[in-house]
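Convention: sequence-line order gives letters A, B, ...; per-chain numbering from 1.
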2 protein chains.
Amino acid sequence: MSANSKLTIATHALAWMALNERLGGKFATSEQIAKSVATNPVVIRRLMSEMAKSGLIETQRGPGAGWRLARAPEDISLWDINEALGAEAAFALHRNEPSESCPVARGIRPALTPVYARVDDAIRRELAGTRLADVLRDTLTVSGA
Amino acid sequence: MSANSKLTIATHALAWMALNERLGGKFATSEQIAKSVATNPVVIRRLMSEMAKSGLIETQRGPGAGWRLARAPEDISLWDINEALGAEAAFALHRNEPSESCPVARGIRPALTPVYARVDDAIRRELAGTRLADVLRDTLTVSGA
DNA sequence: GGCAAATGTAACTGATTTGGTTACAGTTCT
DNA sequence: AGAACTGTAACCAAATCAGTTACATTTGCC
């Protein structure tokens with residue numbers, strides 16, 4: 001990616017749903033969320049579809065359809081969201097096979113793999129420590145709502 | 001990009017240079033490095049140019065030209081390399097401005113900004129803890145050289 | 001002085017990705 | 001039966017990326 005904003009959009013959508021439910025709303029529609037995020041409803045549906053497959057949200061079909069959270073906002077971390085979206089590792093190894101005949105080329109990938117694994121672990125720990133409820137609370141504090 | 005392999009290529013190049021210098025070589029050329037990485041010399045030159053601007057390596061021009069490390073491999077961390085390459089944050093905020101009229105939309109970006117800053121800090125700490133000398137040592141151990 | 005070896009960088013290409021959009025089939029409430 | 005939605009395919013335009021060609025520039029060496 002250039003930089004990845006999927007997590008931002010998905011978290012925005014879930015925070016909107018959490019507030020909606022708190023205010024007594026039932027199912028949120030892609031049109032409502034798209035309006036808040038300022039994008040196309042199909043973009044939202046694509047994200048929601050991925051999160052529904054991971055069990056983060058529940059789908060209702062037919063008239064009055066939409067989605068609602070499958071768990072409490074305290075029980076959904078940003079890592080859960082990122083994982084549901086099929087997050088990729090922060091750093092990738094070579095696209096092409098490096099040279100077989102060079103000792104550096106032969107050994108560099110096994111040498112970097114554990115480093116990149118530690119980076120991903122660090123990201124996971126950090127995201128797991130922030131939950132949807134935290135984000136919603138901070139969001140409403142900032143926006144004065 | 002999809003996943004970012006710039007750091008991998010650049011680290012590969014610097015590890016090659018470190019070994020080259022240890023074996024008595026002087027300046028490394030883009031052609032030599034490109035052969036080990038299995039890519040085009042211009043791709044290497046572009047990376048090296050960025051790292052030279054950040055003072056990680058030194059350029060020699062004219063015949064016998066190339067680059068050499070400006071510091072000892074023990075003094076170059078993966079974070080130094082990543083920074084020299086103009087690393088982007090792992091997660092980005094919305095590309096488009098979200099709706100002004102929605103409290104969630106107004107507050108979500110200030111709420112996520114410190115979370116993403118902590119993620120970037122975690123990445124920085126992890127990468128700063130691994131140095132070029134470590135990578136070269138592990139690389140040679142693995143490749144049996 | 002002039003040749004030759006290399007970097008630095010612009011410019012172009014093809015492949016891939018992304019967000020946005022239209023379209024429509026499927027589901028289910030009333 | 002009709003209407004309100006999701007789910008998903010298909011297509012488009014913009015952006016990005018690796019690879020490539022080309023060439024101006026630098027500078028050691030004869």
Nearest-nucleotide comparison on DNA chain C, the residue closer to the 5′ end among B:Ala28 and B:Asn96: B:Ala28
Value in whole Å for how far the P atom of C:dT7 lies from CD of B:Gln32: 9 Å
Interatomic distance, A:Asn4 CG vs C:dT17 P [rounded to whole Å]: 14 Å
Passing option when A:Asp121 is tested against A:Arg125, A:Arg118, A:Arg124 for salt bridge (Lys or Arg N to Asp or Glu O under 4.0 Å): A:Arg124
Closest to side chain of B:Thr29, choosing from C:dG20, C:dA6, C:dA10: C:dA6
Side-chain N or O of A:Lys26 closer than 4.0 Å to phosphate OP1/OP2 of C:dC29: no
A:Ser5, nearest nucleotide to its side chain (from C:dG26, C:dA4, C:dG19): C:dG19
First of B:Trp67 and A:Thr39 reached from the 5' end of DNA chain C, by closest nucleotide: B:Trp67
Listed nucleotide nearest any side-chain atom of A:Val43, set C:dT7, D:dG19, C:dG20: C:dG20
Side chain of B:Arg61 - closest among C:dA23, D:dT26, C:dT28: D:dT26
Distance test, side-chain N/O of A:Ser30 to OP1/OP2 of D:dC5, below 4.0 Å: no
Which nucleotide in C:dT9, D:dG19, D:dG7 has an atom nearest any side-chain atom of B:Arg45: C:dT9
Between CG on residue B:Leu136 and CG on residue B:Leu14, distance to nearest 0.5 Å: 10.5 Å
d(CD1, A:Ile9; C1', C:dG20) in whole Å: 13 Å
Spacing between B:Met48 atom CE and C:dG8 atom P, to the nearest angstrom: 9 Å
B:Lys53 side-chain N/O to C:dT9 phosphate OP1/OP2 under 4.0 Å: yes
Contact nearer the 5' end of DNA chain D, comparing B:Val42 with A:Gly62: A:Gly62
Rounded distance (Å) that lies between atom P of D:dG7 and atom CE of A:Met51: 11 Å
Below 4.0 Å: OP1/OP2 of D:dT20 and any side-chain N or O of B:Asn40: yes
Separation of D:dA18 P from B:Ile33 CD1 (nearest whole Å): 17 Å
Value in whole Å for how far the P atom of D:dC5 lies from CD1 of A:Ile44: 16 Å
Nucleotide of C:dT21, C:dT9, C:dT7 approaching B:Ser49 most closely (side-chain heavy atoms): C:dT9
Donor-acceptor pair under 3.5 Å, B:Arg46 side chain vs D:dG19 base: yes
Salt-bridge present (B:Glu74, B:Arg137; N to O < 4.0 Å): no
Name of the residue among B:Leu78, B:Ile81, B:Asp138 meeting side-chain contact (heavy atoms from CB on, under 4.5 Å) with B:Thr130: B:Leu78
Between C:dT7 (C1') and B:Glu31 (CD): distance, integer Å: 13 Å
Side-chain touch A:Phe91/A:Val115, heavy atoms, less than 4.5 angstrom: no
CA sep, side-chain torsions, deciding dist, call: B:Arg22, B:Leu140, side chain to side chain contact (heavy atoms under 4.5 Å, CB included): CA-CA 13 Å; B:Arg22 185 191 290 178; B:Leu140 296 180; 3.7 Å; yes
